[in-house]
Structures are given as C-alpha cells and as structure tokens.
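Comments concern the structure below.
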Amino acid sequence: MGTALLYDEEMTRYKLLWLDPDCELERPERLTASHEALVSCGLAARCVSIPVRQATDDDILLIHSEQYLEAVKTTPYMTLEDLREFALQYGDVYFHPNSYHCATLAAGAAVQLVDAVMTGRVRNGLALVRPPGHHSMRSAANGFCVFNNVAIAAKYAQQKYGVQRVLIVDWDIHHGQGVQYAFEDDPSVLYFSWHRYEHQKFWPGLRESDYDNVGKDKGAGFNINVPWNKVGMQNSDYLAVFFHVLLPVAYEFCPDLVLVCAGFDSAIGDPEGEMCATPDIFAHLTHLLMNLAGGKLCLMLEGGYNLTSLSQSVCVTVRTLLGDPAPRPANLQGPCQSALESIQCVRAAHRNSWSCLEHAARAPPSQISTKLEEKEKEKEDKFESGEAADGITWPEPHACVLPPVRTAVLIPEEMACPDGCKRSNLSQHADSLAEKEDFDGDAVPTLSSLTELVGKMEKNEICNALAVVGDVSMAMAPVMQRATALKQRVLGVCVGGTEVPSHLPEDGTLTVHISKEAPEEPRCKHSIPVRLKSGLGDTSGFAQAIFSVLLPLAYEYDPALVLLARLPGAGGLGGGAWQQLVGLLRGLAWGHMLVLVQEGDEALVTPTASSLCGSPAPPLGRLPAPVVEDVEAVERLRVRLQADWMLLRTSAECKMAVSSGTSRSCLLGT
Ligand code: SS9
Ligand code: ZN
C-alpha cells in the first residue's frame, strides 16, 4: 500500500501581476521548489503518482455558492484592471487569468486523493497544490485561497463513500476560518486548528478564532481552536498540543478519514508564522496521525512561504508517509508559558464535550485567559516583525539512512516468517551471558541472540525486531544492559505483569510499566508504574495513559532504543490497542525498537510484526468514558511527574518554575 503524490505543473502557471506586498509571498516557486526537492531526494519516485483532474461544478458546489462559482468563472476573461478590482472585494487575495483553472485543479487534486485513499489504491498521500484553500468561504475568496480544497474533499468523502466521521487537522499557521465556517454546526466533521493569534492582533484577526469557539448547536465540541499568542513556538509546544489536546480527542472521535490542511508556514524561517519549530517536527505530526482511521490520511498543501523551510518540511512529511523512521525529536524543552496557557484554556473549553478531558483543570483564572491578558509588548527576544525570518538559520534535517533490514523476527522455527520481515538466526556462538535455566534453547532465542539484535540496531543494520521468548521478564535486564553498554539510552515499556522486572540497569534507562497491579508508588526515578485498576481491557484508560503520560515522557526522554515488553497478564489488552502502542512508539529512537512477546502469545506475532513494518493499527472504535478511578490515577501521576518532565505539563500554573527556563523543578508535585 503506497503513498500518492498529486502534482501538476499547470498549478505553477499563475502569479501576482501587480504590486501588493500582502500577496507577493504566494509565488509559483513554492510549488516548483517543493516538487523539485521531492524529486531530487528520490522521494517522488517512491510515491504513486496520480494525475490531477479538474474539480467539477458539483464538487465545488459542495461548499461554495453558485453565485460565487459563476463569478470566479468569469475571471479568465477579465482585464488586469477588472481582476484587480474583483480581488479587492475580498481580503488578501489576488486573481490571474489562470487562477480559476488552477483552483479547479487544486480542488480536483484533493478529491482525487480522497478517491485514491478511499478505494484502497494507496494508503495515504499528499496533494501539492496552489492556490491553497482553507481561508476561502462559501461566497468569498480570502488569504490566497479561491476554493476550499480540504472542505470540498471532506464533503466529497462523506457523500461518495458514506464516510461518517472526518477529522481535519489544520497545522498551517493561519486559522482556516473557511473550514471552521463550513462545519461549525456539523458533528460529523471535527476541525482542529492551531494558529498565530496574538490576542486577535494577527491576520485574519477574528474573534471566532479563539479557543472558546467550540462549534455551534449539534456541532458544539467539534471545533477546536488553539491560539498561539506569541511567536517563536517550538517543537515542544507543537507536540504538547498533540499529546494533551488533539490526540486524545481524535482517538475518542475515531475518524474514518483524516484530512490535513498541511501548511508549512508553521515551520521555522517562515516570514508569516515567525515560529521556531524545525522541519523535522512534521515527521512526528504526520506519524502521530498515521494510526488513526486505519491509516487513511490525506494531506493537502496550504501555506509555506520560506522556500527552504517549505521544501525541507514537505520532504520530511512525505518520507514519513512512506513509512521511513522519523528523526529523533532531540532537545525538547517543554512547552513555553504562553503555549501552556493556550493548552489549559482549550482543554478547559472542551472539558464538557470530550470524556478524555473531563478531568482537565477547570476554566483558568481570568488573568491567564488568552482574551483578557493585557497586550504586553511581545516578541521581546524575538526578531522584529518584517525583516523577520531572513536571517534565521537552522540545521538541515538529518539524512535518513535506511537500514538494510526493516523488521527482524526471532520466532519459533515452525512459525512462518510474517510478511515483510526477515527471520533472524539464533546466535551460533555460545552464550556469553549466563544462560538462564528457564530458557529452552530449542524453541526460543537465547539471550545472546537478543543482545545481538540490540547490537545490530545500534549499528543501524536492522530497524526494529520482534522476539518470542520464554520469559519476557527475565530477558529484559540483559537486553537493557547490552544497550547501555553501547551507550544507548533505553526506554523500557512493560505492559501487563504483576511486578516490575528486576535487576534492570538504572543508569541510562527509563522504564514505564503499565499494568493492573503495579505498585502505586514509584520505586525510583528510573521506573514509573502506571496503574490501571480496572485492567488493561479499559481501552479509554489505556489510551489516556499513552497520550498523557507515556508518549510525552518518551519524547522528552528521547531514547536511542525502545524495548517494548509484553509480560504475562497483559491478556486484557486488546489486539488493536497493542498495535496502536507499537505503532505510536515507532516514532521514537529512529524507529529502533525491540518487542518481546511471551511464549504462548504467538497469536500476536503477525499483528505485532505488521505494526513494526509500518502497517496502520486498526481503529480502537469510539472510546467510552474511561473508568473514573483510572483517570484520576493517571492524572495524579502526570501531575507528580510534571516536576521533572516538562512535556507532561498541561497548564500554566507552575509559573515560577517554568519561566525560570531550563530548571526542571516545579512547585507542583514535589
Ligand atoms: C502578509 C499578509 C498576508 C494573508 C496570509 C494568507 C496565508 C494563507 N503581510 N495575509 S496560508
Ligand atoms: Zn497559512
């Protein structure tokens, strides 16, 4: 199952024909540069190229009025003066005689991409288009946008394929008010947008872009706005919003299809966004969406005005769609104060709509409301607006060296090797480590075979691996020791079991143990028990543990290897939830992960291997409210740990500690 790329050079054949400083950013080179970058790093050739067709009138009328469509249709025959005048009735948009044609191609590419994904021709894809779409409204062009490509695609999917729920993630740095208006009373489309807002001072400067605009009537709760009230937001700010707002709600919503308004003006160097997230972050934003909706993910280009940053971001994104491992999310420093205020406000505004947020902090006191905060002078330590981004530099994204083997398996000989995997032979030479009696050398790999796998991952000879072992608990310590001996930082994730496996090395490791029985009190800083009293079968509670504790911890820890161990007693954990866990953890450590499964659990080999190979996990279904006791336990743990782990923070209340910069101590939870 491949990745579609939709591109047609024709969409570069329109441009601004007069002087207008507000519109000069939107240039044909945005598309040529992005496409050339994809070609020159060999990514375009790896995609399924799908020809672009024009959207029909019927497609466009799914979102726009007949009058507006007819008006746009007359623009190819207008004089320059008429075009100028026509554009002037709208905000921040220009028209060219070829604009209408290109706009039908852009919307057409979006519906073609939906067709390709919904018919199963490809798994996911990107439509490289201009003009962008998310600002255009039923009867108005706006912000370089003519037709609302993504909104049309959402309606089209619902109408043609009977898709019930569509999630639209708008990571462009501007608010897609056009998308918001199209679906604000519609509970079948969940619209999420973060956007530069600066207390309503930033374009388009709408009151309704703030966090308290949650949707109308039946659609209340299905519109999520995250305002950025400062520029300079970084990778941690974006990830924190994904972990603490978007992902829990998205999993609860359980979309059948995910569309992304993929604007890259939210990346560093962009003159419009003035944010500081690096192009690498889009690997993670993409990856974190790839296990929703069974992997049905369609990205449509929106903004992105720094050609370097744009091209790098597009490449990283497509690479991830293709299933390559994501670069390590290095140097995450925790969300800034202003981001935390926004997160707290959004979570509070939605706490009655989503059961995953029911236990979020209540509405924050007015002094930290994004609306009421006095408009202090901002961007103190940032560049001045305007001359902005030109001088900004950032390291080029890491070249990814794909290991020769994606997934190695150490499984009993009588089992067939799962598709896409390579059987790893048992170690030939004698065990260097003391052989434990419980290891039956015939049926299960010896310890030295496991530690060899660790060595091969460290050398990037294999990406990830799965082993069936006789005693998972016993195998963990030597594996971790081997990795730490190689100076590799290891994240251990144990699910099930009653006790934390013993003798785990502490230096250079962090172990999170999710189970029904784990002791409530952590034994030490290197071992974190997450206790779900109602058991691993409570998928909602499990999901909460993953998003609000495990993933933020894991990203901030930034391991070089993930060791995922399924201990006996994890039986309650459904296959879907297990595959979600495997899939999500692939985003860490350049994808280097060793999964240990207990002998007797052979039924898990095929699904686990398929997730390690990058197949999307099956959807979890619409999640019910989690068990109150468990939510509270996970929330207590999160609060306790946020003193040491800044990505766990969801509110601005520990102000002193956070604003003291790099300090990792916090007044809460000590
Ligand atoms: C430039 C103002 C541009 C419109 C931005 C539209 C972005 C669409 N000084 N305002 S992604
Ligand atoms: Zn934008």
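Given the structure is predicted, the values throughout are model-derived calculations rather than measurements. Every number for a ligand or one of its atoms is a count from 1 in the order of the listing.
Note that Arg130 lies in the cation-pi zone of Tyr14, set by a 6.0 Å cut-off to the ring centre and a 45° limit from the axis.
Of the heavy atoms in Asp172, only side-chain atoms (C-beta onward) come closer than 4.0 Å to ligand 1. Residue contacts with ligand 1, taken as heavy atom pairs separated by less than 4.0 Å, do not involve Phe264 at all.
Not close to ligand 1: Glu302, with no non-hydrogen atom less than 4.0 angstrom away. Ligand 1 lies out of reach of Glu26, whose nearest heavy atom is not under 4.0 Å from it.
The ligand atoms of ligand 1 that sit less than 4.0 angstrom from a heavy atom of Asp265 are 11 (S). Counting the atoms of ligand 1 from 1 in the order shown, those under 4.0 Å from a heavy atom of His134 are 11 (S). Each of the atoms 5 (C), 7 (C), 8 (C), 11 (S) of ligand 1 lies under 4.0 Å from some heavy atom of His174. Of all the atoms in ligand 1, the ones that sit under 4.0 Å from a non-hydrogen atom of Gly303 are 11 (S). Within ligand 1, counting atoms from 1 as listed, the ones closer than 4.0 Å to a heavy atom of His135 are 7 (C), 8 (C), 11 (S).
The Zn ion (ligand 2) is closest to atom ND1 of His174 (considering only N, O or S atoms). Atom OD2 is the N/O/S atom of Asp265 found closest to the Zn ion (ligand 2). Shortest distance from the Zn ion (ligand 2) to Asp172 is reached at OD1 (N/O/S atoms only).
The closest side-chain donor-acceptor pair between Asp170 and Gln180, if any, does not fall under 3.5 angstrom. Side-chain N/O atoms of His174 and Asp172 include a donor and acceptor closer than 3.5 Å. When only modelled atom types and interatomic distance are considered, Ser193 and Asn225 share no side-chain donor-acceptor pair under 3.5 Å. Residues Tyr156 and Asp115 bring a donor and an acceptor atom of their side chains to less than 3.5 Å of each other. With hydrogens and angles left out, the side-chain atoms of Asn223 and Glu184 include no donor and acceptor closer than 3.5 Å.
Evaluated by nearest non-hydrogen atom to atom 2 (C) of ligand 1, the leading choice among Glu272, His195, His175 is Glu272.
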request  = Begin with the C-alpha distance, continue with both residues' side-chain angles, and end with the deciding distance and a verdict on salt bridge (Lys or Arg N to Asp or Glu O under 4.0 Å) for Arg53 and Asp8.
outcome  = CA-CA 9 Å; Arg53 69 154 168 94; Asp8 191 321; over 6 Å; no
inquiry  = Under the criterion side chain to side chain contact (heavy atoms under 4.5 Å, CB included), I'd like the reasoning laid out for Leu105 against Val129: C-alpha separation, chi angles, the key distance, then a yes or no.
reply    = CA-CA 8 Å; Leu105 289 173; Val129 300; over 6 Å; no
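Under the 30°/60° scheme for interplanar angles, the aromatic rings of Tyr90 and Phe95 are found to be tilted.
Scanning all protein heavy atoms for the shortest distance to atom 11 (S) of ligand 1 gives Tyr305 OH, 3.1 Å. Of all protein heavy atoms, the one lying nearest to atom 3 (C) of ligand 1 is Asp92 OD2, 3.3 Å.
The aromatic ring centroids of Phe192 and Phe253 lie 6.0 Å or more from each other.
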